[in-house]
Amino acid sequence: MYYYQVYGLQMQTEFEFPWLVQGGDGSDLTVVFGEAPTRLDKVAKQGKRYQANESEVLIFDDEDGGRFWVRPWRIVITPGESSQSWSIYAHVLGSCLGAILQWRKCLVLHASAVRLPSGRALVFCGNKTAGKSSMAGLFYHRGHELLSDDICPLTLEGYNVSLCPGFPRLKLSPEILLAMGETPENHPRLPFKTRIKHCYPARCNFSLKKAFVQSVYILTEGKELSLQRLTPQEAIAGLFEHCFRKVFLVSLEQRRTILNACAALAGVTSVYSLQRPKLMSEAINIVDMLAAQELEASTA
């Protein structure tokens with residue numbers, strides 16, 4: 001077995017995972033190959049690629065027939081006829097862990113995050129192509145620690161919200177890599193059909209130490225730069241919109257728990273709407289602007 005630490009979980013697996021930080025005792029979660037069911041015994045909600053109830057999710061890989069049976073302490077993988085390692089890694093580290101973290105009462109945002117010089121976290125939410133990884137990558141290039149890329153599990157601790165780091169990898173476009181002084185061809189291209197992204201290791205500035213959240217930026221793409229602090233009501237709606245895999249929330253109680261978590265986050269952190277142009281020069285300027293704003297906020 002292999003032992004890893006990710007998102008605050010101690011995970012043991014039958015096979016080796018790239019990118020993950022080794023260590024831990026494997027007491028929280030086991031990932032194995034085996035025979036996943038073709039249908040859950042109790043289905044509360046389903047779509048083309050999943051079935052779910054309050055404590056199980058069955059995820060289907062439409063391309064090759066693979067299945068991922070997810071329960072709070074165990075993931076069973078039945079590979080498809082043409083399953084590739086990348087597909088297995090992506091499902092486990094994405095949808096599977098997303099469901100498990102939700103069951104553990106985390107608010108799981110579709111977001112990337114970096115650690116500020118103050119030690120607190122800066123979180124970027126958004127839909128695909130909104131620029132979450134790009135912003136995290138540019139902050140990382142400026143010397144900030146990477147905390148997570150793509151999903152961020154948050155937990156309320158008194159009057160603070162903590163974020164447990166994920167693993168030291170960024171999914172970056174060729175343009176961002178070039179802006180970081182990197183050669184895109186030196187980094188493996190990820191098998192996305194509609195986007196060009198490369199796998200960039202971020203091991204030189206990464207730690208598993210949790211961070212309290214200072215600010216959240218909800219990203220959208222537009223022609224002009226626009227930055228606006230959201231009211232608590234707007235923040236709650238925006239945060240809930242960007243919860244990761246909301247389709248797995250099958251009961252009113254689960255959705256209520258997540259909405260309460262969004263309200264708690266909005267009550268103790270600053271949440272902003274950031275519309276950003278796609279131009280690379282503007283992205284770099286935005287990083288400088290936000291870094292200055294957050295430094296001022298942390299010293300006020």
Side-chain angles (χ1 to χ4, degrees), residues 4-11 20-21 23-29 72-73 93 97-125 132 136 139 144-168 205-218 229-246 248-249 253-272 290 293-300:
Y4 301 103
Q5 301 175 74
V6 58
Y7 300 124
L9 300 174
Q10 309 287 314
M11 183 171 77
L20 296 191
V21 177
D25 58 14
S27 57
D28 291 320
L29 175 65
W73 312 103
L93 298 177
L97 286 186
I100 289 169
L101 291 165
Q102 285 177 350
W103 291 327
R104 291 174 179 245
K105 309 301 182 184
C106 290
L107 170 61
V108 186
L109 294 181
H110 191 195
S112 298
V114 295
R115 193 190 306 272
L116 295 165
S118 64
R120 298 181 75 87
L122 193 60
V123 178
F124 300 100
C125 296
K132 303 181 297 296
F139 268 92
H144 296 73
E145 281 188 356
L146 175 69
L147 291 171
S148 189
D149 184 28
D150 207 35
I151 67 174
C152 291
L154 307 178
T155 305
L156 185 65
E157 296 187 23
Y159 294 101
N160 288 292
V161 174
S162 67
L163 186 157
C164 282
F167 49 94
N205 207 3
F206 180 86
S207 80
L208 286 171
K209 182 181 177 181
K210 71 180 180 182
F212 291 121
V213 177
Q214 177 163 302
S215 300
V216 178
Y217 289 87
I218 299 177
R229 184 167 180 174
L230 299 180
T231 67
Q233 292 78 12
E234 291 170 335
I236 293 169
L239 292 168
F240 186 73
E241 178 183 354
H242 294 291
C243 288
F244 188 75
R245 298 294 186 266
K246 289 197 299 292
F248 296 160
L249 303 173
E253 182 60 31
Q254 287 177 324
R255 296 179 72 85
R256 187 180 298 115
T257 296
I258 296 302
L259 275 170
N260 288 340
C262 291
L265 176 58
V268 298
T269 63
S270 301
V271 181
Y272 298 90
L290 296 185
Q293 174 173 292
E294 294 302 325
L295 176 61
E296 181 179 349
S298 64
T299 57

* Gap separating the NZ atom of K210 from the CZ atom of F212, nearest 0.5 angstrom -> 5.0 Å
Residues 232-244 side chain polar contacts: donor-acceptor under 3.5 Å, at least two apart:
{"residue": "E234", "atom": "OE1", "partner": "T231", "partner atom": "N", "Å": "2.9"}
{"residue": "E234", "atom": "OE1", "partner": "T231", "partner atom": "OG1", "Å": "3.3"}

* **Value rounded to 0.5 Å, distance of CZ in R115 from NZ in K209** => 6.5 Å
* To do: Using side-chain contact (heavy atoms from CB on, under 4.5 Å) as the criterion, list what pairs up with Q254, not counting sequence neighbours.
  => E54, W103, L249, V250, S251
* **Heavy-atom check, side chain of T155 versus side chain of R104, under 4.5 Å** => no
* Check whether any side-chain heavy atom of Q5 lies under 4.5 Å from a side-chain heavy atom of Q10, and answer yes or no. => yes
* Tell me, please, which residues at least two apart from S215 pass side-chain contact (heavy atoms from CB on, under 4.5 Å). => L122, Y217, S270, Y272, E294
* Can you sort out the partners of F139 under ring-ring contact (aromatic ring centres under 6.0 Å, His included), two or more places apart, ordered by chain and number? => F124, H144
* To do: Name all residues meeting the salt bridge (charged side-chain N to carboxylate O under 4.0 Å, His left out) criterion together with R256; count only those two or more places apart in sequence or in a different chain, and write none if there are none.
  => E253
* **Min side-chain heavy-atom separation I218-L230 under 4.5 Å** => yes
* Find out whether N205 and L146 are in side-chain contact, i.e. whether some heavy atom of one side chain is under 4.5 Å from a heavy atom of the other. => no
* Atom CG of L154 and atom SG of C164: how far apart are they, to the nearest 0.5 Å? -> 9.0 Å
* To do: State, with a plain yes or no, whether a side-chain heavy atom of D150 is found less than 4.5 Å away from one of K132.
  => yes
* Of all residues at least two apart in sequence or in a different chain, which pass the side-chain contact (heavy atoms from CB on, under 4.5 Å) check with L156? -> V161, A264
* Between Y7 and V108, is any pair of side-chain heavy atoms under 4.5 Å apart? -> no
* Are V216 and C125 side-chain neighbours, meaning at least one heavy-atom pair lies under 4.5 Å? -> yes
* Check whether any side-chain heavy atom of K246 sits under 4.5 Å from a side-chain heavy atom of I258, and report yes or no. => no
* Say you draw a straight line from SG of C106 to CG of L97; how long is it, rounded to the nearest 0.5 Å? -> 11.0 Å
